[in-house]
There are 2 protein chains.
Amino acid sequence: MIVILLYLQAKYLVEMDNLKIRIEVDQELYSKNPALSDLGKKILSSSIELIVELGFEKFTFKKLGEVINSPESSIYRYFKNKHILLIYLTSWYWSWIEYNLVFATINIKSSKERLLKSIDILTKPMSECQQISSMNVSLLSNIIISESLKSYHTNKVDEENKKGYFRAYKLVVQRISDIILELKPDFQYPHMLVSTIIEGVHHQKYFAEHLPSLTDINKENNTIENFYKEMALNFIK
Amino acid sequence: MIVILLYLQAKYLVEMDNLKIRIEVDQELYSKNPALSDLGKKILSSSIELIVELGFEKFTFKKLGEVINSPESSIYRYFKNKHILLIYLTSWYWSWIEYNLVFATINIKSSKERLLKSIDILTKPMSECQQISSMNVSLLSNIIISESLKSYHTNKVDEENKKGYFRAYKLVVQRISDIILELKPDFQYPHMLVSTIIEGVHHQKYFAEHLPSLTDINKENNTIENFYKEMALNFIK
DNA sequence: GCGTATATGATAGTAATACTATTATATTTG
DNA sequence: CAAATATAATAGTATTACTATCATATACGC
């Protein structure tokens, strides 16, 4: 969900292109809103760093507590467990992407151009220095690439899906699907194409770094953007 | 790796279309070859069932031991830990798929037809009753869809990749990439296209069952096969 | 048939994980 | 200034992911 708050209490807001915005995450995803306290923000920013450093399996609330100098019990007051924290982080990320999609495409008339712009946003690396309310977006995007699959590949998917935990991701897929349908109203597979592209982008980035024989980027002038742009346009055409 | 053993000791072999075959898994992936003992086979078949039932996170060697009435220490003699067991299972699966690819395409002259046949094999569900040397292939394919990502999304990927743990998967990707290159020798992204299709197939099957708003199958006459066949042909053409 | 190797069973133990609970102290707010 | 709230400090529990040891059963070579 994207919430644009104008002239609200300054401390909860972020200056960005002169627009004051806050990314709001579904209440179900925290026991206590981490965006509203210093400790909460420290939990968010340090958990991102620590998950990147250790990988999600080796990451624990105990270790996080040591990093931020707080007992693990304090972290449990914000998040029921590390799995919910991961869903919180991915949810935040997808809302952030949705915000970027909306603002990057708002003045583009051609739906083809809007689709291409959307693929840009899905593929382009986040700038290193983007830090939106205690979230290091560049590091967070590494987590999305390496770990976000684990947020919904569990035996609780169905239950958690009912509670709306994956809404932010779905909204992004829906938004881009709508652009595709504008471009070609009788296209049969808009959601499949979009989710194939999104997951594909993550896989290809991961493969490029860890299993290069499964991809072709790094060869010649191949890029992930071009691959998925060509793929989408050839398919829809 | 596909090893075809003719007239070898009958107990290690499987009758299939009058061909005696055994799927061989890389030695690095077990401490003791589970294909060569009753206990080993029981470990394999019951672990498949238990992982499907519990999900990989909740699956433990202790629980498996209770199911097969053996102490966990006996299971540890075959597999260093459950993560290695998962890699063993996925490796076995990909070698099995490679075998199917080879035999299904061997007499097809047209490379386009061979590509389509390959996509068939990647997308078609395994028949319920296929049981190759203690492996229930249909159940195993559920594990591939839901859990196989976890075999290489860990902080040990690079190390394990060096040891060749993911070779079976890479061979499948390579084999289909070669077909694509026959079809269009200057195609820039054969590996990317194949790995996008393979991972995409798994995601779409998973979404269809758990997160249907991310896909379009179940609507009209949409099928995963047709989606990826159209996608591939439109892209390559 | 006998001794030896090998496979499995039975049992115990350990450090880490994923929590839950309780009490104390500091800070904010009304 | 009192009351509510947030955090710290500490302890405790069941489960997990192993490792180790010793006993027993079976198979195999001579």
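Proteins get letters first, then strands, A, B, ... in listed order; numbering begins at 1 in each.
Atom P of nucleotide C:dT8 and atom NZ of B:Lys41 are separated by 12 Å, given to the nearest angstrom. The separation between A:Leu36 atom CG and C:dT29 atom P is 12 Å, rounded to whole Å. Following rounding to the nearest Å, B:Lys156 (NZ) and D:dA17 (P) show an atom-to-atom distance of 13 Å. As a whole-Å value, the separation of B:Ile75 CD1 from D:dT16 P is 13 Å. Between the OH atom of A:Tyr76 and the C1' atom of C:dT20 there is a distance of 9 Å, rounded to whole Å. Put simply, NZ on A:Lys82 is 9 Å from C1' on C:dA18, counting in whole angstrom units. Atom CD in B:Glu72 sits roughly 10 Å away from atom P in D:dT16 (whole-Å rounding). Rounded to whole Å, atom P of D:dT15 lies 17 Å from atom CG of A:Asn81.
In this pair, A:Tyr30 and A:Tyr88 present their aromatic rings perpendicular. The plane angle is above 60°, beyond the 30 to 60° band. Ring-plane geometry between B:Trp96 and B:Trp92 is classed as parallel, the angle between the planes falling under 30 degrees on a 0 to 90 degree scale with a further cut at 60.
Checking B:Thr196 against A:Tyr228 by side-chain atom types alone, a donor-acceptor pair falls below 3.5 Å. For the 3.5 Å distance criterion, the side chains of A:Ser195 and B:Gln204 qualify, holding a donor opposite an acceptor. Between the side chains of B:Lys170 and B:Asn161, at least one donor N or O lies within less than 3.5 Å of an accepting N or O.
Among pairs with a residue in residues 139-162 of chain B, those fulfilling salt bridge (Lys or Arg N to Asp or Glu O under 4.0 Å) read B:Glu57-B:Lys150, B:Glu147-B:Lys150, B:Glu159-B:Lys163, at least two apart in sequence or across chains.
Using a 4.0 Å heavy-atom cutoff across all strands shown, B:Phe79 reaches no nucleic acid atom at all.
Separation of the A:His153 and B:Tyr206 ring centroids falls under the 6.0 Å cut-off.
Between A:Lys32 and D:dT7, a side-chain N or O to OP1/OP2 separation shorter than 4.0 Å is present. Taking only side-chain nitrogens and oxygens, B:Tyr78 comes nearer than 4.0 Å to OP1 or OP2 of C:dT8. For C:dG9, one of the phosphate oxygens OP1 or OP2 lies less than 4.0 angstrom from a side-chain nitrogen or oxygen of B:Ser74.
Contact of the B:Phe103 side chain with the B:Glu98 side chain is not registered, since no non-hydrogen atoms from C-beta on lie closer than 4.5 Å.
Annotation: proximity of residues 49-70 of chain B to DNA chain D (heavy atom, distance under 4.0 Å) is found for B:Thr60, B:Lys63, numbered in ascending order.
Put simply, CG on A:Leu50 and NZ on A:Lys82 are 10.0 Å apart, with the number rounded to the nearest 0.5 Å.
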Scan nucleotides 21-27 of chain D against the protein and return all N/O pairs shorter than 3.5 Å with their distances rounded to 0.1 Å.
none

